[in-house]
Amino acid sequence: MELELILLAILSLLSHANGAEYELVVVDEDIFSSCPDARPGTLDIHGLLDMSEFSTSMDSDGVTVSGNTTMVWDIQLEDRVTLSINLLYLDRGTWKPTIFSLFSKDFCKDMYEKNQIWYKVWTQYISNDIKDKCLNSPGTKIILETYLVRLTTTIAGPIREGHYKANIVFRAFDSYGAERPTRICYEILGDFFKVRNE
Ligand SMILES: *[C@@H]1O[C@H](CO)[C@@H](O)[C@H](O)[C@H]1NC(C)=O
């Protein structure tokens, strides 16, 4: 399967964790992939956001993000949204969990928490006020500043070389705690290579 992945862009991200330098190659043209083997009712990034006014470009500094997205997920304003992020490592053909895993049981409350990864790479750059709308208001635009994501700033500790993916899931629950019929799942795939030993 790895061979099918076309390396469309190379990010030369220099990480000094463990005294070595690494290069990260993001393997999907659109950055966000659908989740494999997802259960019925699972939508990908396009079920969460209309991405037609959104664009990314990659160079040696990182990923430059620009444009806007529009909420499309069919949930209600008062729903509680959970977010889980899991980093997986490809070990002899099988995706294995790593210690990197995050869960927010109320993403709308946590979306502007300054020490969270989603704040660092996303919500701090939203220029319109969506505090009360969160992701729960289909048709609402999320207006983004143009910004650069340097992945190295979000990586702490030594990195094992190889294939990784971040699996991201949003779920919505009504006020009785019943889950809405659709959930969102998407993945970001990347490969880490050590380019220089200390
Ligand atoms: C994003 O939305 C703002 C406000 O509606 C608009 O002025 C701007 O042109 C949009 N950007 C893109 C890339 O569509």
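What you see below is based on every heavy atom in this structure, not just the backbone, and it leaves out hydrogens, waters and symmetry mates. First listed ligand is number 1; within each ligand, the first listed atom is number 1.
- For the atom pair C35 SG and E187 CD, the distance stands at 4.0 Å (nearest 0.5 Å).
- A 6.0 Å sphere centred on CG of D37 holds no more than 12 heavy atoms belonging to other residues, nucleotides or ligands.
- Among residues two or more places apart in sequence or in another chain, the ring-ring contact (aromatic ring centres under 6.0 Å, His included) test is passed with F107 by W118, F170.
- A salt bridge links K96 to D91: one of the charged nitrogens lies within less than 4.0 Å of a carboxylate oxygen.
- For T82, there are no side chain to side chain donor-acceptor pair (under 3.5 Å) partners two or more places apart in sequence or in a different chain.
- At a heavy-atom cutoff of 4.0 Å, ligand 1 is surrounded by E53, G67, N68, K141, I143.
- By the side chain to side chain donor-acceptor pair (under 3.5 Å) test, Q124 pairs with no residue at all, sequence neighbours left out.
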